[in-house]
Novice: 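Take this structure first; my questions come after.
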There are 2 protein chains.
Amino acid sequence: MDKKLDAIFAALADPTRRAILAMLLEDDMAVTDVAAPFAMSLAAISKHLGILSDAGLIARDRRGRVIWCKLEPDGLRAASVWMQGFGQMDVMDLDAFEAFLETGDALADQEGLENQSP
Amino acid sequence: MDKKLDAIFAALADPTRRAILAMLLEDDMAVTDVAAPFAMSLAAISKHLGILSDAGLIARDRRGRVIWCKLEPDGLRAASVWMQGFGQMDVMDLDAFEAFLETGDALADQEGLENQSP
DNA sequence: GCAATCGTCAACCATTTGGTTGAATATAAT
DNA sequence: ATTATATTCAACCAAATGGTTGACGATTGC
């Protein structure tokens, strides 16, 4: 139960992984496309995605030979709850965030990347 | 500027350090008293405090031979700003948090520990 | 069938991390 | 002055982290 927080904060502690999360906030992406902007190997990015996935911050979904990565809407909840207890302050509206991710603009213009045939 | 976030999230990724922060939320504490509940050496705790301090999450203030540790009210700001941008949501009211720390109950009953002569 | 693409796995490497112990420093108390 | 207390420092250690490369398994397209 503490392990979850460990994993989340450790995942957030790396700038590459934070950048990946920021990219996924705008669009679901294939692993190769996630890796493209970074000056490191695909295998390294694959490891980062594994860490983000283990922390519950993203999910990976295989479609054909392409694996699509997307944000896990509930992923930040544990961290937010801890921060809430820490600061005794208003924390974020995670339910609104989930709604935002699932129905909102973030995932709307996915055709910016190549289309996979359904 | 990214390094700051690295340091903050890395600091939060360790359960001992999160526990220390939770303790300091209730009271300013001397290093020895911080270390007391943990099953590790004082030197190890001293290192953890150094990491928290480098991350800007706590401040250490020497008074006599005792070093008092207290939360740095502004310490979580960068992390909160990042999360805010990430989720596009309210994260926390840090100004209220600062007010809470500086004038509120948290630091009020410090006489629970031994008094240092002024 | 055969070749190209997508992604992971395994082995390796250097660096960082989280802990230990023992010595060193600074202040306080007797 | 001596002794005790509070804390850090330095050297060391095992394990984890972040990266590399090359081989591998799946899937697609010709």
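In what follows, chains carry the letters A, B, and so on, assigned in the order in which the sequence lines appear, proteins first and then strands, with residues in each chain numbered from 1.
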Novice: Specify the separation, in whole Å, of atom CD1 of I67(B) and atom P of dT27(C).
Specialist: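 Taking atom P of dT27(C) as the reference, CD1 of I67(B) is at 10 Å.
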
Novice: What is the separation between atom CG on L49(A) and atom C1' on dC9(C), rounded to the nearest whole Å?
Specialist: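 For the pair L49(A) CG and dC9(C) C1', the rounded distance is 15 Å.
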
Novice: What I want to find out is whether R77(B) reaches D74(B) closely enough, with some N-O distance under 4.0 Å, to be called a salt bridge.
Specialist: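 So R77(B) pairs with D74(B) through a salt bridge.
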
Novice: Take the protein atom CH2 of W68(B) and the nucleotide atom P of dA6(D), then report the distance between them rounded to whole Å.
Specialist: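 Rounded to whole Å, this separation is 11 Å.
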
Novice: Between S46(B) and dT7(D), is there a contact of a side-chain N or O with OP1 or OP2 at under 4.0 Å?
Specialist: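 False: S46(B) side-chain N/O out of range (4.0 Å or more) of dT7(D) OP1/OP2.
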
Novice: Less than 4.0 angstrom from a charged side-chain N to a carboxylate O is my criterion; do D27(A) and K70(A) meet it?
Specialist: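 A salt bridge is absent here (no side-chain N lies under 4.0 Å from a carboxylate O).
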
Novice: Take atom CZ of F9(B) and atom P of dT17(C), then tell me their distance rounded to the nearest Å.
Specialist: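 Atom CZ in F9(B) sits about 16 Å away from atom P in dT17(C).
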
Novice: Looking at every heavy atom in both L42(A) and A35(A), which two are closest together, and how far apart are they?
Specialist: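 Minimum heavy-atom separation between L42(A) and A35(A): CD1-CB, 3.6 Å.
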
Novice: Side chain of R65(B): nearest nucleotide among dA28(C), dT27(D), dT7(D)?
Specialist: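 It is dA28(C).
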
Novice: Measure CG/D61(A) against P/dT8(C) and give the value in whole Å, please.
Specialist: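 It is 12 Å, rounded to the nearest whole Å.
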
Novice: What closest approach, in Å, do W68(B) and V66(B) show between heavy atoms, and which atom pair accounts for it?
Specialist: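 That closest heavy-atom pairing would be NE1-CG1, 3.5 Å.
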
Novice: Residues of residues 38-45 of chain A with any non-hydrogen atom less than 4.0 angstrom from an atom of DNA chain D: list those, numerically ordered, please.
Specialist: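 Listed by number, they are M40(A), S41(A), A43(A), A44(A).
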
Novice: Using the side-chain contact (heavy atoms from CB on, under 4.5 Å) rule, pick out the option among I51(A), I20(A), L21(A) that qualifies with I58(A).
Specialist: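 Result for side-chain contact (heavy atoms from CB on, under 4.5 Å) with I58(A): L21(A).
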
Novice: Below 30° counts as parallel, above 60° as perpendicular, anything between as tilted: where do the rings of W82(B) and F9(B) land?
Specialist: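 Perpendicular.
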
Novice: Roughly how far apart are I8(B) CD1 and S80(B) OG, rounded to 0.5 Å?
Specialist: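 Separation between the atoms: 9.5 Å.
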
Novice: Go through dC6(C), dT5(D), dT8(C) for me and flag the one nearest to the R60(A) side chain.
Specialist: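 Nearest listed nucleotide: dT8(C).
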
Novice: Mind checking what makes side chain to side chain contact (heavy atoms under 4.5 Å, CB included) contact with A43(A), not counting sequence neighbours?
Specialist: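 With neighbours one apart ignored, the set is S41(A).
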
Novice: Could you grab the distance from atom NZ of K47(B) to atom OG of S53(B), nearest 0.5 Å is fine?
Specialist: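 With rounding to 0.5 Å, NZ (K47(B)) is 15.5 Å from OG (S53(B)).
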
Novice: Could you tell me the separation between the CG atom of L52(B) and the C1' atom of dT8(D), rounded to a whole number of Å?
Specialist: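 My rounded result for the distance is 16 Å.
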
Novice: Separation of I20(B) atom CD1 from dT7(D) atom P, in whole Å?
Specialist: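 Whole-Å distance recorded here is 13 Å.
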
Novice: What one-letter contact string describes nucleotides 12-17 of chain D from 5' to 3', where B marks a base within less than 4.0 Å of any protein heavy atom, S marks contact via sugar-phosphate atoms alone, and - marks no contact?
Specialist: ------

